[in-house]
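Below you'll find the structure, written out as structure tokens, and then a few comments.
Residue numbers start at 1 and run along the sequence shown. This one's a predicted model, so the numbers in the text were calculated from it and none came from an experiment.
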Amino acid sequence: QVQLVESGGGLVQPGGSLRLSCAASGIIFGMYAITWYRQAPGKQRELVARITSTSSTNIADSVKGRFTISRDNAKNTVYLQMNSLKPEDTGVYYCNAKRFGTGFEYWGQGTEVTVSS
């Protein structure tokens, strides 16, 4: 059974930091690209950051310079380091695992991030 479990969300003041984790099980983790998406209240889900199976990264312009994504294949985990958080970063953050060229794609349940004073 495939599981993606996000953790690390919470309430933080503007300018603060959080580190989200996405822990995977049931897949050959190193063969999957892992993407963080977020969905703010009343808005569509948007891509935040992606790390491929070869550790190439893609960061959305809205968070570039503030967020970084990394992976630890030995721990089957991807991290999203979020610094200088802004209220507009508020939302539910979802982890997605996708093996490109196949039909294999999985989603986590999400972790909520609230940036507010």
Short question: side chain of [X], backbone of [Y] - any donor-acceptor pair under 3.5 Å?
X	Y	answer
R99	F104	no
R71	T52	yes
T114	T90	no
E6	Q109	yes

Could you measure the distance from the [atom1] atom of [X] to the [atom2] atom of [Y]? Nearest 0.5 Å is fine.
X	Y	atom1	atom2	result
Q1	S25	CD	OG	7.5 Å
S70	I34	OG	CD1	12.0 Å
N96	W36	CG	CH2	11.0 Å
F29	L4	CZ	CG	8.5 Å
Q81	R19	CD	CZ	7.0 Å
E88	K43	CD	NZ	8.0 Å

Take a 6.0 Å sphere around NZ of K75 and say whether it holds more than 12 heavy atoms from other residues, nucleotides or ligands.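 Not more than 12 within 6.0 Å, no.
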Heavy-atom neighbours of L11 CG exceed 12 at 6.0 Å: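 Atom CG in L11 is crowded, with more than 12 foreign heavy atoms closer than 6.0 Å.
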Let's go through V63 and R38 carefully: what are the C-alpha distance in whole Å and the side-chain angles of both, what is the deciding distance for side chain to side chain contact (heavy atoms under 4.5 Å, CB included) to 0.1 Å, and is it a yes or a no? CA-CA 12 Å; V63 303; R38 69 184 179 191; 3.8 Å; yes
Atom of [X], atom of [Y] and distance for their closest heavy-atom approach:
X	Y	result
A33	F100	CB-CE1, 3.5 Å
N83	S17	OD1-OG, 3.0 Å
G9	T111	N-OG1, 3.2 Å
A97	I27	CB-CD1, 4.1 Å
R66	L85	NH1-CA, 3.8 Å
G30	S53	O-CB, 3.2 Å

Linking I/L/V/M/F/W/Y whenever their side-chain heavy atoms sit closer than 4.5 Å, directly or via other members, would [X] and [Y] fall into one cluster?
X	Y	result
I69	V113	yes
L20	Y106	yes
Y93	I59	yes
V5	L80	no
V78	F67	yes

NZ/NE/NH1/NH2 to OD/OE distance under 4.0 Å, K86 and D89: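 The answer is no: the pair does not qualify as a salt bridge.
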Do the ring planes of W107 and Y37 sit parallel (below 30°), tilted (30 to 60°) or perpendicular (above 60°)?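 Taking Y37 first and then W107, their aromatic rings sit tilted (interplane angle of 30° to 60°).
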Taking C-beta and beyond as the side chain, do V115 and M82 meet within less than 4.5 Å on heavy atoms?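 No; the side chains remain at least 4.5 Å from each other.
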Test item: Y32 and I51 side chains (from C-beta on) under 4.5 Å apart, heavy atoms: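 With C-beta onward as the side chain, the pair stays apart.
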